[in-house]
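Heads up: the structure comes next, in C-alpha cells.
Along the sequence shown, the residues carry numbers beginning at 1. We count ligands from 1, going down the list as the structure has it; atoms in each ligand are counted the same way. Keep in mind that what you see is a predicted model, and the values were worked out from it rather than measured. Hydrogens, waters and symmetry mates play no part in the numbers below; they use all other heavy atoms, side chains included.
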Amino acid sequence: MKTSFPRQDIRVLLLEGVSQSAVDTFHAAGYSQVEVYPKSLPEDQLRAKIADAHIIGIRSRTHLSAEVLADARRLMAIGCFCIGTNQVDVEAAELAGIPVFNAPYSNTRSVAELVVAEAIMLLRGIPQKNAECHRGGWSKSALGSHEARGKTLGIVGYGHIGTQVGVLAESLGMQVLFHDIEAKLSLGNARSATSLDDLLARSDVVTLHVPETPSTKLMFGAAEIAAMRPGAHLINASRGTVVDIDALDAALRSGQVGGAAIDVFPVEPKGNDDAFESPLLGHDNVLLTPHVGGSTLEAQDNIGIEVAAKLVRYSDNGSTLSAVNFPEVTLPEHIGSHRLLHLHRNMPGVLSKVNEVFSREAINIDGQYLRTTANVGYVVIDVAATEEQAAHLRSELSKIEGTLRTRVLY
Ligand SMILES: NC(=O)c1ccc[n+]([C@@H]2O[C@H](COP(=O)([O-])OP(=O)(O)OC[C@H]3O[C@@H](n4cnc5c(N)ncnc54)[C@H](O)[C@@H]3O)[C@@H](O)[C@H]2O)c1
Ligand SMILES: O=C(O)[C@H](O)COP(=O)(O)O
C-alpha cells in the first residue's frame with residue numbers, strides 16, 4: 001500500500017530513551033528514518049528538530065506546548081510513550097490536526113508493585129535504618145516498625161493504578177480505602193471513603209494516583225497533610241505538581257508525616273546527566289526515586305510496541321482508535337480504494353461541502369466514516385479513483401472553509 005508520503009520519507013523522532021522495541025516496530029513497518037535521543041531536548045533544539053519530524057515520540061519530560069507545536073509544520077502524530085499526556089497541549093494538537101496517542105495501561109503494574117513495596121518499607125522505617133547503616137550506625141529496634149497486615153492504605157485516585165495498588169495491598173492483608181472524584185466500583189474489599197478528609201483521618205499510608213489536571217494541581221498541601229493521622233506516611237508516584245513539596249518538607253521536619261516515598265517532582269532533570277534538586281534531599285525518612293514508577297524493562301518494552309503500533313496504524317491507515325485528543329475511528333483496510341482524510345473544525349455545513357466535492361467531480365464513494373469532538377470533525381472517505389483523481393480531490397477538499405488538514409492514502 002502506498003501512502004501520500006512514502007514510508008521511507010517519513011521522519012520519526014524519538015526522545016527520552018524510548019525503548020528499542022519502538023524503533024524495531026517502526027523499522028518492521030517500513031519506517032526507516034527513526035532518530036533516537038536518550039533524553040529530552042532543550043526547547044530551542046526541540047523546536048528545530050520538531051520542524052522536520054512527521055512523527056514524534058516522547059515520555060513525561062518533553063513539553064509540547066502550543067508554541068512548540070506551532071513550529072511543527074510537518075508533524076502528523078504524537079506518541080506519548082507513557083500514561084500521562086499532561087506534557088502535551090492536546091487541544092492545540094487537536095486544532096492542528098495532530099492526534100496524540102499514549103499507552104494507558106502498559107506500566108500500571110510496575111507502578112503498583114513499587115508503591116506496595118514502598119508502603120512496606122515506610123511502615124518498617126527502612127529508609128531511616130538504611131541511611132543509618134550507610135553511615136556506619138546500628139540501631140536494631142522494633143520501635144516505630146509495623147507490619148503492613150491490618151494497616152489501612154488510603155488511595156487517592158482509584159483508576160487503573162490505584163485499583164491495582166489496592167488489589168496488591170489487600171493480598172498483604174491491608175485494609176484499603178479509596179477516594180475518587182468519580183463513582184468507582186471497588187475491587188475486593190476496598191471501601192470508598194466518604195471524603196478525602198475521611199480517608200486521610202483513617203489511613204496509615206496515603207498514596208496518590210491522580211492525573212495532572214487543573215483540579216489536582218497542589219491538591220495535596222498543608223491542609224491535607226494536617227488532616228492525615230500524625231506520623232502517617234505519604235507516597236506520590238503520580239505527578240510532582242500534585243503535592244506542595246514545601247508543605248511536605250515542613251511536615252516531615254515536624255513529624256506530622258512519618259515518612260514519604262516520592263517518585264515525581266515539580267521540577268525534574270531533563271536527563272540522567274543533569275543535577276537533581278529538591279527540598280526533600282537529606283531527609284532520612286524519605287525514599288526518593290527518579291520518576292521510575294513505570295520504568296521497568298517489561299513496561300518499557302510493551303509501551304514501545306503499543307505506541308509505535310498506534311502511530312504506524314494512524315500513518316498507514318488513518319485509524320485513530322484510543323487517541324486522547326481526537327475523534328476516534330477504527331478503519332478497515334482500503335484495498336482497491338484510495339483513502340482521503342479530512343480534518344476540519346466542527347462547524348455546520350462542512351460535511352455537505354465535502355460531499356459536494358465528490359458529486360461535482362463525479363467520483364463514487366466506497367465508504368465514509370465520520371466522528372466529531374466538540375472542536376473538530378474527522379471524515380474519512382474511500383473512493384474508487386485514479387491516483388491523479390485522488391490527488392485532485394485532496395486539493396479540492398483542502399479549499400473547504402474550516403479545513404485543518406488533509407491526507408491521502410493511496
Ligand atoms: N511515576 C510514574 O512513573 C508513573 C507511571 C504511570 C502513571 N503515572 C501517573 O499516574 C497517573 C494515574 O495513572 P492511572 O493510569 O491510574 O490513571 P487513571 O486515569 O486510570 O486514574 C486516575 C484516577 O484519578 C481520579 N481523579 C482525577 N482527579 C481527581 C481528584 N481531584 N481527586 C480524586 N481523584 C481524582 C480519576 O477519576 C481516575 O479514577 C497518571 O496520570 C500519571 O500522571 C506515573
Ligand atoms: O505517565 C507515565 O506513564 C509516567 O509518568 C512515566 O513517565 P516516563 O515514561 O517519563 O517514565
Checklist line | N325 to V100 - nearest heavy-atom pair and separation | finding: OD1-N, 2.9 Å
Notebook entry, point to check: Tell me, which residues have any heavy atom less than 4.0 Å from some atom of ligand 2?
Noted result: R59, S60, F81, C82, I83, G84, N107, R239, H291, S295
Check: Pick one: which of R47, R73, R74 meets salt bridge (charged side-chain N to carboxylate O under 4.0 Å, His left out) with D52?
Finding: R74
Note to self: For L297, is the CG atom crowded, meaning more than 12 foreign heavy atoms sit under 6.0 Å from it?
What the structure shows: no
Next item on the list: Using a strict 4.0 Å threshold on nitrogen-to-oxygen distance, state whether K184 and E182 make a salt bridge.
Entry: no
Nearest 0.5 Å, please: how far is [atom2] in [Y] from [atom1] in [X]?
X	Y	atom1	atom2	answer
T207	F178	OG1	CZ	14.5 Å
I225	L234	CD1	CG	6.5 Å
D382	L341	CG	CG	9.0 Å

Notebook entry, point to check: How would you list, by chain and number, the residues with a heavy atom under 4.0 angstrom from ligand 1?
Noted result: I83, N107, V111, G157, Y158, G159, H160, I161, H179, D180, I181, E182, K184, H209, V210, P211, S215, T216, M219, A237, S238, R239, D263, V264, H291, G293, G294
Note to self: Please determine whether side chain to side chain contact (heavy atoms under 4.5 Å, CB included) holds for the pair T403 and V350, giving the CA-CA distance in whole Å, both sets of side-chain angles, and the decisive distance to 0.1 Å.
What the structure shows: CA-CA 8 Å; T403 299; V350 177; 5.8 Å; no
Notebook entry, point to check: Y314 ring centre to R407 NZ or CZ under 6.0 Å, with the angle to the axis within 45°?
Noted result: yes
